Protein chains: 2
Amino acid sequence: MDISVAIIEDDREIRQLMTLLIDSSPGYTCQQSFNDCESALEVIRKDPPEVVLMDIDLPGMSGIEGVRLLKQQYPEIDFIMLTIKEDDDSIFDSLCAGASGYLLKDTPPATLLESIRVVYEGGAPMSAAIARRIVSSFRTAPDNPLSAREQEILRRLCEGDNYKVIADQLCISGHTVRAHIKNIYKKLHVTSRAEAVRKAINDKLI
Amino acid sequence: MDISVAIIEDDREIRQLMTLLIDSSPGYTCQQSFNDCESALEVIRKDPPEVVLMDIDLPGMSGIEGVRLLKQQYPEIDFIMLTIKEDDDSIFDSLCAGASGYLLKDTPPATLLESIRVVYEGGAPMSAAIARRIVSSFRTAPDNPLSAREQEILRRLCEGDNYKVIADQLCISGHTVRAHIKNIYKKLHVTSRAEAVRKAINDKLI
DNA sequence: TAATCAATAGACCATATGGGGTATTTTTCG
DNA sequence: CGAAAAATACCCCATATGGTCTATTGATTA
């Protein structure tokens, strides 16, 4: 059974080349191609493809927004971004929107076809460099200035526990909890719970 | 120039097989192998390798902790986890600790060698299934129950702004800000700023 | 050994926060 | 059009929070 592919790409030439490539390759068919997300959203429901190749820079709705909306309606479809943009924002926003793969437009035809199969089989096709950027985004800040006890308490701050609850859980007085929290705030350069929680999560301090 | 590899693996047989595989392959050398992180931390400084293959289940310090400590001291080293564990926690904790690749022990020898080269050249080797899990972790919850205004206010809550500051920024009364925040708490099923901030960040509501 | 840091505990006090209401106007949508 | 949702604004009140300050004990380390 062929993998059915749709293309959303505003450059007519690229769109036709892609369509031709896919249709002429055994194991793949491309019945649908669109030059913007709006038309795709209208038409696609009649015959949803299994894989969508999506450009980012499109007239009207961006490809990222397009993925968000289409993925909402058709969660089974796998999306591969196919774009010239390789800034971090484009990459991470695409993944957040629901894309499963991210390729640059200079990807060789053979790799592109292989990537369509990979994403269809449950993988996440992307270049080595992009994979590394994604993996690196998990990297925890190595310089956590908080003591073990402070981390313990910060963890509970993030849960929304108040002084008394934390004190009871740790079998210490509320005064001590306050003292720790004040130290945490000093070390993190914040002045409120909200900021502390944000920093704790964003900098992976807990 | 050969890529120098070190192995940290407590199973003697696997360790020797790996060493043999690497040393007998042109382009790779394995001068160092350890059966726990502690000895690696002691010895490795004399001749830091370029790539480390790290098991997770080790006597004493876990491979994940080992990566954290080694990566801190030797940021240039690329770490590939080589393990039988494939639960989400092991994967994400490894990446947070500083690993750049994640392979299962049943990875074929050719793929393993290729992966060492990939990570050395700045990629992030891993199986298709694991790549997909990592990519999927970015996926935003599609059902954001908050109105635009509420998101606006939640964003500022996360900044640590208090009622008055938010009110001034949005040119509305503090009462209105409070009303919005009460609605936000209801919709998110939380009862405090800290919980709201956590939910906002974790569920990518802003 | 002296000094520093972490953990513990407490006091005082102004202000921010959250829970409970009610009410009007505008926008959105079936 | 009419209902529902969103945005606006206000009330009361108990409690949580954060700033500033002091102080003791045990561990770590320079």
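So that the names make sense, note that chain A is the first sequence line, chain B the second, and so on, each numbered from 1. Every value quoted in this text rests on a predicted model; they were computed, and no experiment measured them.
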Under the side chain to side chain contact (heavy atoms under 4.5 Å, CB included) rule, what do B/Asn183 and B/Glu150 come out as? Steps first, then yes or no, please.
CA-CA 8 Å; B/Asn183 281 328; B/Glu150 286 163 351; 3.6 Å; yes

Is it the case that D/dG19 (base atoms only) and A/Lys186 (side chain only) share a donor and an acceptor within less than 3.5 Å, ignoring hydrogens and angles?
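By the distance-only test, no, there is no pair.
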
N/O (side chain, [X]) to phosphate O (OP1/OP2, [N]) under 4.0 Å:
| X | N | result |
| --- | --- | --- |
| A/Ser147 | C/dA7 | yes |
| B/His175 | D/dT8 | no |
| B/Arg178 | C/dA16 | no |
| B/Ser173 | D/dC10 | yes |

Taking the side chain of [X] as heavy atoms from C-beta outward, which of [options] is closest to it?
| X | options | value |
| --- | --- | --- |
| B/Thr176 | C/dT8, D/dT17, D/dA9 | D/dA9 |
| B/Tyr163 | C/dT17, C/dA6, D/dA7 | C/dT17 |
| B/Ile181 | D/dG19, C/dT8, C/dG18 | C/dG18 |
| A/Thr191 | C/dG19, C/dA7, D/dG19 | D/dG19 |
| A/Lys182 | D/dC11, C/dG10, C/dT8 | C/dG10 |
| A/Arg149 | D/dG18, C/dG10, C/dT8 | C/dT8 |

Atom pair distance, as rounded to whole Å: [atom1] in [X] and [atom2] in [N]:
| X | N | atom1 | atom2 | answer |
| --- | --- | --- | --- | --- |
| B/Ile184 | C/dG19 | CD1 | C1' | 16 Å |
| A/Asn183 | D/dG19 | CG | C1' | 13 Å |
| B/Arg193 | D/dT17 | CZ | P | 12 Å |
| B/Glu152 | D/dA6 | CD | P | 16 Å |
| B/Asn162 | D/dG18 | CG | P | 11 Å |
| A/Leu170 | C/dT8 | CG | C1' | 12 Å |
| A/Lys187 | C/dA7 | NZ | C1' | 11 Å |
| A/Asp161 | D/dT17 | CG | C1' | 15 Å |

Ignoring hydrogens and angles, tell me if any N or O in the side chain of B/Asp55 forms a donor-acceptor pair with the backbone of B/Leu58 under 3.5 Å.
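Flag not set: sc B/Asp55 to bb B/Leu58 has no pair under 3.5 Å.
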
Contact check, side chains of A/Ile91 and A/Ile130, non-hydrogen atoms, under 4.5 Å:
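Answer yes - side chains close enough.
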
Residue met sooner reading DNA chain D from 5', once B/Pro145 and B/Ile172 are mapped to nucleotides:
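Upstream on the strand: B/Pro145.
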
Using the ring of B/Tyr28 (Phe, Tyr or Trp, six-membered ring only), decide whether B/Arg117 places NZ or CZ under 6.0 Å from its centre and within 45 degrees of its axis.
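Checked: cation-pi criterion met.
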
B/Glu195 and B/Ser192 side chains, donor-acceptor separation under 3.5 Å
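Distance-only check passes for B/Ser192 and B/Glu195.
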
